[in-house]
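Both backbone and side-chain heavy atoms feed into the values below; hydrogens, waters and symmetry mates do not. The first residue of the sequence shown is numbered 1, and numbering continues consecutively from there.
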Amino acid sequence: MKNKDLFSLISLAANKNQKAQTQLINLFWVDVFSFVMKKVQDEHVADEITVSVFSKVLSKLDLYDPNFQFKTWILTIAQNTIIDYWRKKSRENEDSTDNFEGFKNQLALSPEELLISEEDQKQILASIQSLDANYQDIIQLRFFEEKSIKEISEELNITVANTKIRIMRAKKLLAALLKNNSFEE
């Protein structure tokens with residue numbers, strides 16, 4: 001793709017044109033996924049990180065400097081996302097005994113605390129039900145039935161790229177709903 005065409009596509013995507021965003025993701029998906037896969041060596045994790053990378057890319061397109069290669073900019077975001085992933089993973093390993101304490105304490109929750117967590121769960125489910133049916137299906141298949149992106153794309157008869165985009169959008173919408181409903185403290 002010529003630079004002029006790419007800049008035009010980036011401009012459309014930055015203005016929230018969904019077709020342009022999809023085309024941009026399709027154009028660079030393999031490069032980013034391959035880059036991430038080399039670093040994490042786990043297809044599921046690489047897939048999740050790649051979705052996260054494109055979520056960041058689409059939300060920060062206005063920050064892209066055309067004096068630099070777009071692919072380099074995206075791969076820099078990917079590299080930083082991978083670093084964040086490894087830091088989080090490292091912290092999880094360091095905090096493993098702390099997590100055990102939290103788990104042990106969770107077993108001794110009072111009825112009031114159990115009720116609160118049930119209310120949280122109801123709020124999450126209500127928020128999911130308020131989403132468009134397509135997003136409800138995606139969330140159900142991906143997070144409740146824990147199906148792979150390929151399985152979801154086959155079940156819904158849509159492309160893998162479209163499946164990834166729907167997952168990313170569903171997660172963003174759900175997060176916004178939960179935040180607007182004061183779920184996050």
Side-chain angles (χ1 to χ4, degrees), residues 13 16-37 39-61 74 77-78 81-82 84-86 88-89 91-92 99 102-103 105-107 109 111-185:
K16 308 298 183 215
N17 179 308
Q18 291 188 355
K19 285 185 178 180
Q21 289 178 341
T22 302
Q23 192 176 354
L24 202 58
I25 290 170
N26 289 341
L27 201 57
F28 292 96
W29 184 271
V30 172
D31 292 326
V32 173
F33 180 81
S34 300
F35 178 80
V36 173
M37 186 64 183
K39 306 285 185 179
V40 298
Q41 303 289 314
D42 180 321
E43 193 171 331
H44 179 71
V45 171
D47 207 44
E48 291 293 323
I49 290 174
T50 304
V51 168
S52 176
V53 167
F54 280 105
S55 176
K56 291 175 185 176
V57 166
L58 293 178
S59 69
K60 298 185 184 308
L61 277 174
I74 289 178
I77 292 172
T81 305
I82 293 166
D84 291 343
Y85 165 78
W86 286 118
K88 181 179 176 189
K89 190 118 175 118
R91 266 187 260 123
E92 286 173 0
N99 289 343
F103 179 73
N105 291 339
Q106 191 175 13
L107 294 176
L109 291 176
E112 293 84 9
E113 291 169 320
L114 287 172
L115 183 62
I116 291 170
S117 63
E118 284 177 22
E119 287 175 10
D120 289 346
Q121 186 177 10
K122 285 178 185 173
Q123 186 176 359
I124 291 169
L125 292 174
S127 295
I128 291 170
Q129 289 173 350
S130 72
L131 293 173
D132 177 77
N134 289 329
Y135 294 138
Q136 286 181 32
D137 293 343
I138 285 283
I139 289 174
Q140 174 68 32
L141 295 169
R142 183 68 172 158
F143 302 106
F144 291 98
E145 296 179 24
E146 297 182 356
K147 292 190 175 186
S148 71
I149 289 177
K150 185 177 180 189
E151 290 171 326
I152 296 170
S153 74
E154 289 169 358
E155 188 168 323
L156 297 179
N157 199 23
I158 58 177
T159 65
V160 169
N162 197 356
T163 302
K164 292 172 182 174
I165 292 167
R166 282 192 191 179
I167 290 170
M168 180 178 63
R169 288 183 180 150
K171 286 169 57 175
K172 277 180 139 177
L173 286 171
L174 183 58
L177 278 174
L178 294 174
K179 187 174 185 177
N180 289 340
N181 292 332
S182 302
F183 187 79
E184 294 178 343
E185 296 180 5

For the residue pair [X] and [Y], establish whether any side-chain heavy-atom pair is separated by less than 4.5 Å.
{"X": "Asp132", "Y": "Leu173", "answer": "no"}
{"X": "Arg166", "Y": "Ile152", "answer": "no"}
{"X": "Phe35", "Y": "Asp31", "answer": "no"}
{"X": "Met168", "Y": "Gln21", "answer": "no"}

Let me confirm one number: the [atom1]-[atom2] distance from [X] to [Y], rounded to the nearest 0.5 Å.
{"X": "Thr22", "Y": "Leu58", "atom1": "OG1", "atom2": "CG", "result": "8.5 Å"}
{"X": "Gln41", "Y": "Met37", "atom1": "CD", "atom2": "CE", "result": "6.0 Å"}
{"X": "Ile77", "Y": "Lys60", "atom1": "CD1", "atom2": "NZ", "result": "8.0 Å"}
{"X": "Thr81", "Y": "Ile74", "atom1": "OG1", "atom2": "CD1", "result": "11.5 Å"}
{"X": "Leu177", "Y": "Leu131", "atom1": "CG", "atom2": "CG", "result": "5.5 Å"}
{"X": "Phe28", "Y": "Thr50", "atom1": "CZ", "atom2": "OG1", "result": "14.0 Å"}

Does [X] have more than 12 heavy atoms from other residues, nucleotides or ligands lying within 6.0 Å of its [atom1]?
{"X": "Lys172", "atom1": "NZ", "answer": "yes"}
{"X": "Glu151", "atom1": "CD", "answer": "yes"}
{"X": "Lys39", "atom1": "NZ", "answer": "no"}

Which heavy atom of [X] sits nearest a heavy atom of [Y], and at what distance?
{"X": "Ala78", "Y": "Val53", "value": "CA-CG2, 3.6 Å"}
{"X": "Ala20", "Y": "Ala13", "value": "CB-N, 3.6 Å"}
{"X": "Gln129", "Y": "Gln136", "value": "O-NE2, 2.8 Å"}

Knowing that exactly one of Thr163, Asn162, Asn134, Ile138 qualifies, which makes a side chain to side chain contact (heavy atoms under 4.5 Å, CB included) with Leu156? Ile138
Give the intermediate values and the outcome of side-chain contact (heavy atoms from CB on, under 4.5 Å) for residues Leu24 and Leu61. CA-CA 11 Å; Leu24 202 58; Leu61 277 174; 4.2 Å; yes
Can you tell whether the side chains of Lys171 and Glu48 come within less than 4.0 Å, N to carboxylate O? yes
Asp47 and Lys164 ion-paired at < 4.0 Å: yes
Run the side-chain contact (heavy atoms from CB on, under 4.5 Å) check on Val40 and Trp86 step by step: do they pass? CA-CA 9 Å; Val40 298; Trp86 286 118; 4.0 Å; yes
Determine yes or no for a side-chain-to-main-chain donor-acceptor pair under 3.5 angstrom, with Ser55 supplying the side chain and Val51 the backbone. no
